[in-house]
Protein chains: 2
Amino acid sequence: MNEQARIPRATAKRLPIYYRYLTFLEDAGTNRISSAELAEATKFDAATIRRDFSYFGALGKRGYGYDVKALLSFFAKVLDQSSLINVALIGVGHLGHALLNFNFHQSSNMRIAAAFDINEHRGKILSGVPIYDMSELEEQIKAQRINIAILTVPQEEAQEITDRLVSAGIKGIMNFTPLRVSVPDGVRVQNVDLTNELQTLVYFIQNYASITTGK
Amino acid sequence: MNEQARIPRATAKRLPIYYRYLTFLEDAGTNRISSAELAEATKFDAATIRRDFSYFGALGKRGYGYDVKALLSFFAKVLDQSSLINVALIGVGHLGHALLNFNFHQSSNMRIAAAFDINEHRGKILSGVPIYDMSELEEQIKAQRINIAILTVPQEEAQEITDRLVSAGIKGIMNFTPLRVSVPDGVRVQNVDLTNELQTLVYFIQNYASITTGK
DNA sequence: ACATTATCGTGAAATATTTATTAAATGGAT
DNA sequence: ATCCATTTAATAAATATTTCACGATAATGT
């Protein structure tokens, strides 16, 4: 049932969550896991989990569950955990600083390899990451073959910098600004809008009182 | 509640985004806006936007578009922008610090009114927000009638603190930890998992190359 | 060896969401 | 005043996603 027909997006978004929990289980020495236990930990419905896994083939054993090691090494391949992925951070303000200290590498194969800001920090190394001046953006991104960027600049600059990122070869942007930036086809933007998340939370509390599940 | 049939969740999540853009338009002195223009700014499909608005009744005029002021004041009511909403921040690490400096109040009716951490910062005031010791959690949350919390504590403590928050009356949690915490019915959790967002971005870039839209 | 139990995989049903289509209404141009 | 381009609202169709329900099957216990 495979030949890699495309996986539903909703499933794709859950993949990293499964992956992380599986690494936790392996570290804990757990050998087997059922969809029901996985559901308990991830808060996704057990049937959803089985369905998700089934897109990749029959990974489990009936009456038994899933073998943690096997599942983990399979998902490691799916998520391509084999190589380190370098990411650029654009804008080293408060949030940028926090992200520099946020150890992505600890629980994934990603790390911030370069950060950019206007003058203030240039030349410094913060949390082991060199800070470059914005003028070096294209040069460094190309030289370091980075194709993912985290954008934490003031809203006013977001579109202009996005354009520069795209022309430097960036293919994915995690956008922390409230502006919905425009990008050409082939570039993907993941918006992380903290004010919205909070406002949505407030709205749901006031209007959908008894429904629990987030995301 | 009201005679209003319940709005789809997908729509509810877009509401704050519409709201913010409408405030921007009003500030800019724009009087009318079409779904197509709104689509350009928000990156949602114009038909989706019209459908979203239509759940609230006929807010627009055919052949004309939407009146910015009218739409804005309507959404202000829907999102209950009338009163200030106090939020608690639990955990003042790097990310917590960034959130203290992140001016939610500027673009919404929310603000962090109290922050909690173990000893290090207790008694201080950071970015105008008093920092309390974790031991005062229940007391302060009840006294200040806070029902939303932002959780940026180490994963190991997340569930225990969540339980305390819930028993103190918290109804909504914006969870920055990778742990999927358990909460009773009536409490809503919004997970913001930065590592996941990045990993998802990587996955989409590698597997869905030409599809742009995020979220 | 056999029964019992656990648990997957999946077709089908149910929900949810987006997109296409069309008729009706509006404002502005002629 | 009439026509035309615009643009919504409503209905229908198409997609996407989740959930149900159950047969199939592996592991375990007797």
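Worth saying up front: this structure is predicted, and the values here are computed from it rather than measured. The chains referred to below are lettered A, B, ... by the order of the sequence lines, with proteins before strands, and numbering in each begins at 1.
B:Arg14 has a side-chain polar atom (N or O) that falls below the 4.0 Å cut-off from OP1 or OP2 of C:dT18. Dashed line: the shortest gap from a side-chain N or O of A:Lys61 to OP1 or OP2 of C:dT7 is not under 4.0 Å. Not one side-chain nitrogen or oxygen of B:Ser54 sits closer than 4.0 Å to the OP1 or OP2 atom of D:dT8. Remark: A:Arg9 is not in phosphate contact with C:dT17, judged by side-chain N or O atoms under 4.0 Å from OP1 or OP2.
Distance CD (A:Glu37) to P (C:dC8): 9 Å, rounded to an integer number of Å. In this structure, A:Arg51 atom CZ and C:dC8 atom P are separated by 14 Å, rounded to whole Å. In this structure, B:Arg62 atom CZ and D:dC4 atom C1' are separated by 17 Å, rounded to whole Å. Taking atom CZ on A:Arg32 and atom P on D:dA27, their separation rounds to 9 Å, with Å as the unit. Atom OH in B:Tyr64 sits roughly 18 Å away from atom C1' in C:dA24 (whole-Å rounding). Protein atom CZ of B:Arg50 is 13 Å distant from nucleotide atom P of C:dT21, rounded to whole Å. As rounded to whole Å, 13 Å separates atom C1' of C:dG9 from atom CG of A:Asp52. For B:Ile49 and D:dT8, the CD1 to C1' distance is 13 Å, given to the nearest whole Å.
Ring orientation note: the planes of B:Tyr18 and B:Phe44 are nearly perpendicular, at an angle over 60° on the 30°/60° scale. Between B:Phe75 and B:Phe56, the ring planes lie perpendicular to each other; the angle is over 60°, past the 30° to 60° tilted range.
Closest to the side chain of B:Ala10, from the set D:dA26, C:dT10, C:dT18, is C:dT18. Residue A:Ser34 places its side chain closer to C:dC8 than to any other of C:dC8, D:dA9, D:dT18. Side-chain proximity of A:Ser35 to C:dC8, C:dT21, D:dT18: nearest is C:dC8.
Residue B:Thr11 is out of contact with every strand shown, counting any heavy-atom pair closer than 4.0 Å. Using a 4.0 Å heavy-atom cutoff across all strands shown, B:Tyr66 reaches sugar-phosphate atoms only and no base atom.
For the pair B:Arg14 (side chain) and B:Thr48 (backbone), a donor-acceptor distance under 3.5 Å is absent. Of the possible donor and acceptor atoms, none in the side chain of A:Asn86 sits under 3.5 Å from a partner among the backbone N and O of A:Ala113.
You'll find the side chain of B:His97 stays beyond 4.5 Å of the side chain of A:His97, heavy atoms only.
Toward the 5' end of DNA chain C, the nearer of the two residues B:Asp45 and A:Leu59, judged by each one's closest nucleotide, is A:Leu59. Closest-nucleotide positions on DNA chain C for A:Ala58 and A:Gly63 were compared, and the one nearer the 5' end corresponds to A:Gly63.
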